[in-house]
Amino acid sequence: MDHPQLKVKILDDRVRRFDLPHYATEGSAGMDLRALLDAPLTLSPGECELVRTGLAVHIDDARYAGMILPRSGLGHKKGIVLGNLVGLIDSDYQGELMISVWNRGQQEVTLDVGERIAQYVLVPVMQAELTLVDDFEESIRGAGGFGHSGRH
Ligand SMILES: O=c1ccn([C@H]2C[C@H](O)[C@@H](COP(=O)(O)OP(=O)(O)OP(=O)(O)O)O2)c(=O)[nH]1
Ligand SMILES: [Mg+2]
């Protein structure tokens, strides 16, 4: 399979102490991202901090986007998720990948220097064109939503 190529820049030499983001197994969907921290970071319950990765990834192809997603272990067991819930990385973004880390739990959590705190997933994207119309051709669903399909 032809893999999309991502251009990666190391913005901070401390990143070199760790392995670069990579797919942990042949079938992994995401690459873990590590926290570039000066020292371990303790987040109180409810606290949210923007954490550096020291990496810039230029996707450079509008048919793709990057997504930063929580790691399930951290999210479920420790309550560490993302302040923006999901990070969406534009294909033309050339700045540092930043991770908004949110402690949504009830306990203090300490993140280690270089800890794998989130994951990066490359996803296909289609940019749409909008056509303004006066009316839609009626569908079976029509305007029903938000659980409408279960009702009689
Ligand atoms: O978790 C994230 C989310 C976004 N970004 C970067 C990459 C993305 O391309 C850019 C803009 O993100 P977004 O469009 O979601 O934020 P915005 O608030 O709309 O900012 P902008 O006005 O710059 O588009 O910020 C990150 O580094 N991490
Ligand atoms: Mg935006």
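Quantities reported herein were computed from a predicted structural model and do not represent experimental measurements. Every number for a ligand or one of its atoms is a count from 1 in the order of the listing.
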* Asked: Does a side-chain N-to-carboxylate-O contact under 4.0 Å join Arg52 and Glu96?
  -> yes
* Structure fact -> Counting only non-hydrogen atoms and a 4.0 Å cut-off, the residues near ligand 1 are Ile68, Asn84, Gly87, Leu88, Ile89, Asp90, Tyr93, Glu96, Leu97, Met98
* To do: Identify which one of Asp112, Asp19, Thr53 satisfies the side chain to side chain donor-acceptor pair (under 3.5 Å) criterion when paired with Arg34.
  => Asp19
* What residue among Ile80, Leu50, Leu41 forms side-chain contact (heavy atoms from CB on, under 4.5 Å) with Val101? -> Ile80
* **Residue pair Gln119, Leu33: steps toward the side-chain contact (heavy atoms from CB on, under 4.5 Å) verdict** => CA-CA 5 Å; Gln119 52 189 328; Leu33 297 173; 5.9 Å; no
* **Qualifying residues under side chain to side chain donor-acceptor pair (under 3.5 Å), relative to Thr42, sequence neighbours excluded** => Thr110
* 4.5 Å side-chain heavy-atom contact, Val51 and Leu36 -> no
